[in-house]
Number of protein chains: 2
Amino acid sequence: MHSFTEENYLKAIFKLEKSSGAAVSTNSIADLLETKASSVTDMIRKLSDKKLVSYQKYKGVSLTPKGKGIAISIIRNHRLWEVFLVEKLDFKWDEVHELAEELEHVHSEKLTEKLDQFLDYPKYDPHGDPIPDKNGNVVQHKDITLADMLPKENSIVVGVKEHSKSYLNYLDSVGLILGAQIEVIEIADFDRSMTVTVDGQNKVNISHQVSKNLIVKKC
Amino acid sequence: MHSFTEENYLKAIFKLEKSSGAAVSTNSIADLLETKASSVTDMIRKLSDKKLVSYQKYKGVSLTPKGKGIAISIIRNHRLWEVFLVEKLDFKWDEVHELAEELEHVHSEKLTEKLDQFLDYPKYDPHGDPIPDKNGNVVQHKDITLADMLPKENSIVVGVKEHSKSYLNYLDSVGLILGAQIEVIEIADFDRSMTVTVDGQNKVNISHQVSKNLIVKKC
DNA sequence: ATTTATTTTTAGACTAATCTAAATTTATTT
DNA sequence: AAATAAATTTAGATTAGTCTAAAAATAAAT
Ligand SMILES: [Mn+2]
Ligand SMILES: [Mn+2]
Ligand SMILES: [Mn+2]
Ligand SMILES: [Mn+2]
């Protein structure tokens with residue numbers, strides 16, 4: 001098996017590779033994992049020796065199919081546990097990420113499959129992120145955000161691009177939870193802040209910072 | 001917080017202290033944790049520095065109230081997870097110990113309490129071991145075993161003293177699960193093996209090795 | 001009461017993961 | 001094209017946990 005640390009590196013590389021499309025830099029990994037570049041170099045060499053990443057000095061790193069498979073299975077675990085915590089144990093969506101960060105490393109194929117079944121094979125986690133299936137297939141998000149909407153257009157909240165407690169808490173406070181209906185009333189062009197109505201009732205004003213991290217489905 | 005390793009040592013010391021009643025020897029810890037005596041000495045000094053155990057060289061070790069509290073809370077976690085795995089995810093009683101050994105180290109008061117509530121505050125784990133409550137109070141077992149029963153006496157299986165897969169599997173195969181009713185038919189005095197009927201039907205022959213590890217309630 | 005055996009501790013070494021500081025390579029400016 | 005800046009790697013240390021082999025303390029046997 002692999003250590004927690006190795007698994008967290010693989011997950012980080014997966015995330016960065018997906019969002020940038022290219023080979024992943026040492027510094028970007030260090031930033032994401034809040035560690036130092038020199039530590040990253042050490043770990044990369046180790047993962048490279050295990051054939052989990054391909055690596056050329058100074059040229060960045062990318063996952064091998066094997067490394068990618070491990071990364072996806074950890075993400076699957078993470079998101080299933082998040083669903084469990086919210087759906088079954090009544091945690092709020094801003095409380096589950098850190099716990100799932102630990103639970104994801106409990107190694108058991110069987111546990112994962114039984115958990116998936118117990119949760120009735122959910123497709124999305126509490127933040128709207130898609131849950132990879134048993135074979136590692138992930139539905140990909142279109143990533144249309146509220147910031148892409150125009151006045152008079154209607155949309156539904158389907159996810160978030162930012163997972164911080166403070167952001168999720170803020171969304172809660174203005175009613176922008178998963179499934180909320182939004183109509184754009186007005187957009188201020190100097191700062192791109194938006195006035196919207198949530199679920200046809202309360203009218204709120206939100207910054208571009210907020211709208212660009214809220215994934216929606218147009219309707 | 002404490003590391004997995006520290007927590008496993010505390011749990012081991014708790015178990016040994018309870019079963020022997022006296023200070024715990026270095027070798028007994030090493031045996032239980034399948035490590036070397038020298039490693040144990042190192043860890044004991046560390047736990048002692050943290051005031052989790054009291055320790056005098058060559059005189060053995062015992063838990064401080066603080067160390068005992070941590071040990072009990074991990075055991076509480078362990079047993080709640082075992083209940084979850086068996087009751088909710090349909091694992092068999094011989095499959096859950098290793099998984100709970102990992103899950104017990106996920107640190108969250110809140111998770112433990114919510115899990116306890118979700119499981120409807122169980123009093124015993126799938127092996128009949130009592131689950132400590134929120135304040136660390138544990139109901140103690142009387143530890144009457146099937147080996148203490150006499151011919152014609154009836155009893156019910158309430159727990160096991162041995163948790164190995166092979167033992168639990170064997171019990172399954174002869175129907176000696178939690179709640180099974182046993183009547184002792186005959187005891188062979190040369191090897192103390194027993195003939196018993198299980199749930200009033202199948203008659204089986206079991207060794208002393210088996211009967212002395214089966215905790216029962218006389219009835 | 002010595003000797004012998006067992007238990008426990010120490011000394012020194014190893015691996016995993018991390019860090020700081022220095023060296024090297026690559027990228028960007030002038 | 002040379003100089004400067006930024007990114008990356010290396011060198012050398014550190015901490016947690018472990019191990020083997022040797023020394024010291026305690027227990028058991030003669
Ligand atoms: Mn998450
Ligand atoms: Mn993690
Ligand atoms: Mn454990
Ligand atoms: Mn148990």
Phosphate oxygens OP1/OP2 of C:dA16: is one of them under 4.0 Å from a side-chain N or O of A:Y9? no

Look at the side chain of A:D42 and decide which nucleotide, out of D:dT9, C:dT18, D:dT20, has an atom nearest to it. C:dT18

Mind checking whether A:H127 and A:H163 have parallel, tilted or perpendicular rings, split at 30° and 60°? perpendicular

When rounded to whole Å, the CD to P distance for the pair A:E6 and C:dT15 reads 15 Å

Distance check: side-chain N/O of B:T35 vs OP1/OP2 of D:dC19, anything under 4.0 Å? yes

Between B:E95 and A:K110, does at least one N-O distance fall below 4.0 Å, as a salt bridge requires? yes

How would you label the contact of B:F4 with the nucleic acid (heavy atoms, under 4.0 Å): base, sugar-phosphate, or nothing? nothing

Nucleotide pairing, DNA chain C (Watson-Crick or G-U, distances under 3.5 Å), in dot-bracket with [ ] and |: ||||||||||||||||||||||||||||||

Tell whether A:S38 reaches the base of C:dT20 with its side chain through a donor-acceptor pair below 3.5 angstrom. yes

Is there a side-chain contact between B:R79 and B:P130 (heavy atoms, below 4.5 Å)? yes

Gap between atoms CD1 and C1', on A:I44 and D:dA7 respectively (whole Å): 12 Å

Round to a whole Å and report the spacing from CD of B:Q56 to P of D:dA25. 15 Å

As a test of reading the structure: which of C:dT25, D:dT26, C:dT18 is closest to the side chain of A:M43, going by heavy atoms? C:dT18

Could you work out which one of D:dT10, C:dT24, C:dT8 sits closest to the side chain of B:N27? C:dT8

Heavy-atom neighbours of B:K114 NZ exceed 12 at 6.0 Å: yes

Under 3.5 Å: donor-acceptor pair, side chain of A:N8, backbone of A:T5: no

Does NZ or CZ of A:K88 fall inside the cone over A:F118's six-membered ring, less than 6.0 Å from its centre and within 45° of the axis? yes

How many Å lie between CD1 on A:I29 and P on D:dA7, as a whole number? 15 Å

Which nucleotide wins on minimum distance to the side chain of A:T41, given the candidates D:dT9, D:dA24, D:dT18? D:dT9

C:dT10, OP1 or OP2 - any side-chain N/O from B:K57 closer than 4.0 Å? yes

Counting only heavy atoms not in B:K165, do more than 12 fall under 6.0 Å of its NZ? yes

Assuming nearest nucleotide by heavy-atom distance, tell me which of A:K59 and B:V24 is located more 5' along DNA chain C. B:V24

Is B:S39 touching bases, backbone alone, or none of the nucleic acid, heavy atoms closer than 4.0 Å? base

Nucleotide of D:dT18, D:dA25, C:dT10 approaching B:Y58 most closely (side-chain heavy atoms): D:dA25

Please report the distance, rounded to the nearest Å, between NZ in A:K36 and P in D:dA6. 17 Å

